[in-house]
Structures are given as C-alpha cells and as structure tokens.
*Asks:* 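Structure in structure tokens, see below.
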Amino acid sequence: MPLSEHEQRLLDQIEQGLYAEDPKWANAVRISDPRSHYKRRLLKASLGFALGVVLLMVGVVANEIWLGVAGFVVMLATCLWGLSSWKRMNGFGVESPAPRAPGRRPQRRGFMDRMEERWRRRTDER
C-alpha cells in the first residue's frame with residue numbers, strides 16, 4: 001500500500017535526521033537501498049543495449065548475419081532486463097489485487113461471458 005503524502009514527509013524527515021546523526025550508517029543504508037540496485041541494473045542494461053546496437057551495425061556492415069542476430073538478441077535481452085528493473089524500481093506489479101466481498105461474483109467483461117449471459121436470459125424467459 002503506498003504511503004500518503006503526510007506519511008512520506010514524516011518518513012523523509014526521520015531519514016534526514018538519521019543521516020545527520022550517523023553518516024557512516026547512512027552510507028551503509030544508502031548502499032543497501034533496493035532502488036539504487038535497480039538503478040545500477042538499468043545503467044548496465046542501457047550499456048548492454050548500446051553494445052547490442054554496435055554489434056548489430058557491425059554485423060550489417062561486415063555482412064555477417066550471425067553477428068547482426070547476436071546484436072539483436074543482446075538488445076532484446078537487455079531491453080527486457082532493463083524494463084523489469086524499471087518496473088520493480090517504480091513498484092509496478094507489486095500490489096496485490098483488491099479483496100472482493102465474499103459471495104459476490106467478479107465482474108464479467110469478456111465477449112463470451114456476455115454471450116453466455118444473454119443465452120441464460122433467453123432460456124429463463126421461456
């Protein structure tokens with residue numbers, strides 16, 4: 001659950017106070033922050049993507065298909081790796097779905113569900 005603005009400000013104030021009290025401890029905590037880990041992974045993914053572009057271009061210029069394919073695979077892999085790091089760093093996909101009330105059916109949204117509902121209404125009318 002995300003923090004409210006007030007809670008975030010309080011947490012930032014506490015963090016600033018702790019950093020002011022013990023800079024050595026603050027440095028150790030800052031290093032173990034997961035966001036910095038994901039930022040490093042994003043940087044590595046960006047460098048890997050650039051390497052993939054270079055490999056792809058060298059493969060095209062040198063007329064070596066395997067080198068171009070390898071460059072494309074490197075680009076694709078590092079792009080996926082960087083995207084997953086970016087999503088984790090920003091908290092996408094972390095929250096669990098909202099609990100639903102017991103006894104309530106989930107909302108139907110699909111085409112087949114609507115068709116089944118229409119069929120049930122028709123058969124109930126007869």
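Computed from a prediction, not measured in an experiment: that's the story for all the values here.
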*Asks:* List in chain and number order the residues that pass side-chain contact (heavy atoms from CB on, under 4.5 Å) with T123, two or more places apart in sequence or in another chain; answer none if no residue qualifies.
*Replies:*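 T123 satisfies side-chain contact (heavy atoms from CB on, under 4.5 Å) with W119 once adjacent residues are dropped.
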*Asks:* Check the hydrophobic clustering (I, L, V, M, F, W, Y; side-chain heavy atoms under 4.5 Å; chains of links allowed) and say if V58 and V74 are grouped together.
*Replies:*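 Cluster IDs for V58 and V74 match.
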*Asks:* Would a distance-only check, ignoring hydrogens and angles, find a side-chain to backbone donor-acceptor pair under 3.5 Å from E7 to S4?
*Replies:*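 Indeed, once roles are kept as given, a pair shorter than 3.5 Å links the two residues.
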*Asks:* Would you say the side chain of R40 lies within less than 4.5 Å of the side chain of L43, judging by non-hydrogen atoms?
*Replies:*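 Counting from C-beta outward, L43 and R40 never come under 4.5 Å.
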*Asks:* Applying side-chain contact (heavy atoms from CB on, under 4.5 Å), name anything that partners N63, two or more places apart in sequence or on another chain.
*Replies:*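 For N63 there are no side-chain contact (heavy atoms from CB on, under 4.5 Å) partners, ignoring immediate neighbours.
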*Asks:* What's the spacing between L42 CG and L47 CG if we round to 0.5 Å?
*Replies:*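 That separation rounds to 11.0 Å.
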*Asks:* Hey, are the side chains of S84 and R41 touching, using non-hydrogen atoms and a 4.5 Å cut-off?
*Replies:*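 A side-chain contact exists here, since the closest heavy-atom pair is under 4.5 Å.
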*Asks:* Please name the pair of heavy atoms, one in R88 and one in Y38, separated by the smallest distance, quoted to 0.1 Å.
*Replies:*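 Shortest heavy-atom contact: CD-OH, 3.5 Å.
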*Asks:* Using the rule that two of Ile, Leu, Val, Met, Phe, Trp, Tyr join whenever any of their side-chain heavy atoms come within less than 4.5 Å, decide whether I65 and F72 are in one cluster.
*Replies:*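 Hydrophobic grouping puts I65 apart from F72.
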*Asks:* The test is side chain to side chain contact (heavy atoms under 4.5 Å, CB included); show your working for D12 and E15 and say whether it passes.
*Replies:* CA-CA 5 Å; D12 289 339; E15 187 177 0; 3.9 Å; yes
*Asks:* Between V54 and L67, is there a shared hydrophobic cluster once you connect ILVMFWY residues whose side-chain heavy atoms come closer than 4.5 Å?
*Replies:*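 Same cluster.
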*Asks:* As an exercise, state the distance from CZ of F111 to CD of E116, rounded to the nearest 0.5 Å.
*Replies:*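 Answer for the CZ-CD pair, F111 versus E116, is 11.0 Å.
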*Asks:* Could you check whether any side-chain heavy atom of E117 comes within less than 4.5 Å of a side-chain heavy atom of D113, counting everything from C-beta outward?
*Replies:*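 Not in contact.
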*Asks:* Specify the closest pair of heavy atoms between M75 and L56, including all atoms of both residues, with the distance to one decimal.
*Replies:*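 That closest heavy-atom pairing would be SD-CD2, 4.1 Å.
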*Asks:* On a heavy-atom basis, which atom in A45 and which in G82 lie closest, and how many Å separate them?
*Replies:*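 It is CB-CA, 3.6 Å.
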*Asks:* How far does SG of C79 sit from CH2 of W86, to the nearest 0.5 angstrom?
*Replies:*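 Answer rounded to 0.5 Å: 12.0 Å.
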*Asks:* Answer yes or no: is there a side-chain heavy-atom contact under 4.5 Å between Q13 and L10?
*Replies:*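 Q13 reaches L10 side chain to side chain.
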